[in-house]
Amino acid sequence: MQTDVKSSPVDSQLPSLLARQRAAFLSVGAPSREKRRTQLLGLKNAILALRSEYQAAISADFGNRSRHETDVMEILPVTQGIDYLRKNLGRWMRPKHRHVAMQYRPATAKVLMQPLGVVGIVSPWNYPLALCLTPLATALAAGNRVIIKPSELTPRTTALMALMLSKLFAEDEVAVVTGGPDIGAAFSALPFDHLFFTGSTGVGKVIMHAAADNLVPVTLELGGKSPAIIDRDYSITRAAKALVYGKLSNAGQTCVAPDYAFVHEDRLNAFIDAFQTEARRAYPNGLADDGYAAIINQRHHDRLVDLIEDARKKGARIVQIGTTSTTGRPHTLPPTIISGATADMKVMQQEIFGPILPIVRYRKLEETIAQINANDRPLALYVFSDHQDVIDRVLSSTTSGSAVVNDTLLQFVQDDMPFGGVGPSGMGAYHGEEGFKTFSHAKSVLTQSRLSMVGIMRAPFGRLAERVLGFMLP
Ligand code: NAD
């Protein structure tokens, strides 16, 4: 079998696809506000018209995923995000007037927000709709043309999106390229005007290397280990509810899922009991519950089982909830608590991305902060406390892409907050206005006036220049 990516037919068509989009961008120019609003409305309506098809396709791609979860975690945030973009983009597009120093007046200064041109988007499988279409909508709001490379692990969803987008847009406006890592590698080597990647930290490094060859600016939305800290006297029930939501939605296959939890040693057993109670309440039929998502494929399932077995061998207590499966569903993993997790266990060394919650005991809050700061800066941090001083201490002494106080995940669905990581969890941000800026070039334009006095400050310098400089530099 031919493995040289350079000879793949799709691969060889990529440069000409980019060239066609760029030529169209250069000949047509930046789309008007109305054109962008129309494009976005068309996109929103098409998604809503295909709502049940998307629910079915995503569920089939996963092996099972509840239609409610797809509504709440994908369709609603994407369509609400589009509404937010449509409502605000006129304001964001407007030129912004800037300050001009006294000696250069009456020249005027302004910043124009221009589309970048052609944007490449590479997206992952875990929220295959939202993590593809929210960046797309934002790039369109900023006036760009877009080529998308979705994940190969969700082929039904990708096929549906590709068909939908081909009906809505000309190929020189929005195009979809399908394939796995080989196509991803060829895609990220293209001289886009911007490359927007959502996926793992490892592939993020490969993407940045590839982009560097063409000096293509990148936004990297990556992963990592997002901690949760439960303050000693915080309600165990409330914390367990929030962690069940964060850890078991989409079976933990969420970039901002709480990866592990710090629980005070006095509350350990109470927390483990409460987590089990809340998990059973949320998914009363256990593994057979329609609301409980499958793991995306057997390889990821086996990876997660290996993490559990490694922790068991190294002395952790494993608590699995609803282990007897009668579902016949492929690759479904029970919610699993790993009590007594330690740094030498694999589950504490890599992003889990599944329904496994390691618990790390602590005695003093400082220990949790020190441990977080000893590791890579996380994508998200969750702190559960009723004490403002504790919340402030955690927020001010740690650095994470985002943080939530007394809940999980909800930062991701706020349109008016930038979403992104920091350091190994990512670079740059999107959503709302920050997203509009990510996909725009802020061009400074200074306009000189006929009445300008700047000649005084240019050679040949005379007495007037001396006087002005004496006044300004006393
Ligand atoms: P992944 O990195 O394996 O794949 C992401 C995309 O990159 C896919 O489209 C894939 O085909 C492509 N790809 C793979 N190898 C490539 C290569 N060598 N060159 C170019 N492209 C390549 O990630 P995944 O398994 O799809 O998703 C899970 C990861 O994504 C987790 O780490 C998770 O935390 C992260 N994630 C982050 C966010 C966020 O917003 N920060 C959101 C969701 C997922």
Side-chain angles (χ1 to χ4, degrees), residues 5 8-33 35-40 42-43 82 85 89 92-93 112-123 131-151 158 161-162 164-179 183-199 204 206-221 427-430 434-443:
V5 295
S8 133
V10 178
D11 174 25
S12 65
Q13 287 161 17
L14 288 176
S16 66
L17 177 59
L18 172 61
R20 283 202 301 284
Q21 287 216 351
R22 182 159 288 137
F25 175 76
L26 292 173
S27 77
V28 178
S32 66
R33 183 182 82 120
K35 160 104 184 175
R36 301 182 201 190
R37 281 170 54 84
T38 307
Q39 283 182 327
L40 290 171
L43 182 60
I82 290 176
L85 291 168
L89 81 90
W92 300 333
M93 284 171 73
L112 297 181
M113 298 306 276
Q114 282 194 307
L116 293 167
V118 184
V119 169
I121 293 175
V122 180
S123 60
L131 296 175
C132 188
L133 297 187
T134 298
L136 169 68
T138 316
L140 290 173
N144 298 283
R145 290 163 190 257
V146 185
I147 310 179
I148 302 165
K149 210 292 293 161
S151 171
T158 296
M161 279 195 300
M164 175 185 83
L165 294 172
S166 71
K167 288 182 181 163
L168 285 174
F169 298 99
E171 202 195 35
D172 64 11
E173 289 177 318
V174 175
V176 179
V177 170
T178 55
I183 293 298
F187 188 85
S188 53
L190 294 173
F192 285 110
D193 296 302
H194 192 93
L195 192 53
F196 185 98
F197 170 78
T198 305
V206 177
I207 294 272
M208 198 165 165
H209 272 289
D213 282 341
N214 297 308
L215 288 179
V216 172
V218 290
T219 302
L220 301 176
E221 298 282 342
M427 161 179 318
Y430 74 127
E434 278 77 10
F436 180 85
K437 287 181 175 166
T438 287
F439 291 114
S440 300
H441 169 56
K443 181 155 83 183

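Predicted, not measured: the structure shown is a model, and the values here were computed from it.
- Residue pairs satisfying the salt bridge (Lys or Arg N to Asp or Glu O under 4.0 Å) criterion with at least one member in residues 208-219, sequence neighbours excluded, are absent.
- Side-chain contact between R145 and V28 is present, with heavy atoms from C-beta onward closer than 4.5 Å.
- Rounding to the nearest 0.5 angstrom, the gap separating the CG atom in L112 from the CE atom in M93 is 11.0 Å.
- Between H194 and T438 the shortest side-chain heavy-atom distance falls below 4.5 Å.
- Contact between I207 and S188 at its shortest, heavy atoms only, is CD1-CB, 3.7 Å.
- Here I82 contributes atom CD1 and T138 contributes atom OG1; the two are 8.5 Å apart, rounded to the nearest 0.5 Å.
- Taking the centre of each ring, F439 and F196 come in below the 6.0 Å mark.
- For the pair L165 and I148, the minimum side-chain heavy-atom distance is below 4.5 Å.
- Within the 4.5 Å cutoff, the side chain of L17 has no heavy atoms near those of the Q13 side chain.
- The closest donor-acceptor contact from the side chain of K149 to the backbone of G120 lies at 3.5 Å or more, if one exists at all.
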Quiz item: Could you go step by step and tell me if I147 and L190 meet the side chain to side chain contact (heavy atoms under 4.5 Å, CB included) rule?
Solution: CA-CA 11 Å; I147 310 179; L190 294 173; 5.5 Å; no

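- When side chains are defined from C-beta on, M161 does not count as touching L136, because their heavy atoms never get closer than 4.5 Å.
- With values rounded to the nearest 0.5 angstrom, L40 atom CG is found 11.0 Å from K35 atom NZ.
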Quiz prompt | side chain to side chain contact (heavy atoms under 4.5 Å, CB included) between L195 and M208, intermediate numbers included | solution = CA-CA 9 Å; L195 192 53; M208 198 165 165; over 6 Å; no

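- Side-chain atoms of N144 do not come within 3.5 Å of backbone N or O of V118 as any donor-acceptor pair.
- Contact check for I183 versus T178: no side-chain heavy atoms found under the 4.5 Å cut-off.
- Of all non-hydrogen atoms in A30 and P115, the two that sit nearest each other are CB-CG, 3.5 Å.
- Residues V218 and F197 fail the side-chain proximity criterion, which asks for heavy atoms closer than 4.5 Å.
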Exercise. Check step by step if side chain to side chain contact (heavy atoms under 4.5 Å, CB included) holds for F169 and V146.
Key: CA-CA 10 Å; F169 298 99; V146 185; over 6 Å; no

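- Of all the heavy atoms in S151 and T158, the pair that sits closest is O-OG1, 3.4 Å.
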Quiz item: Checking side chain to side chain contact (heavy atoms under 4.5 Å, CB included) for the pair F187/V122: CA distance, chi angles, key distance, verdict?
Solution: CA-CA 9 Å; F187 188 85; V122 180; 3.6 Å; yes

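- A heavy-atom distance below 4.5 Å is not found between the side chains of F192 and N214.
- Closest approach of S440 and M113 over heavy atoms only: CB-CE, 3.8 Å.
- Looking at every heavy atom in both residues, G204 comes nearest to L220 through O-CD1, 4.0 Å.
- L168 approaches G42 most closely through the heavy-atom pair CD2-O, 3.7 Å.
- Pairs passing the side chain to side chain donor-acceptor pair (under 3.5 Å) check and including a residue from residues 18-29, sequence neighbours excluded, read R20-E171, R22-D193.
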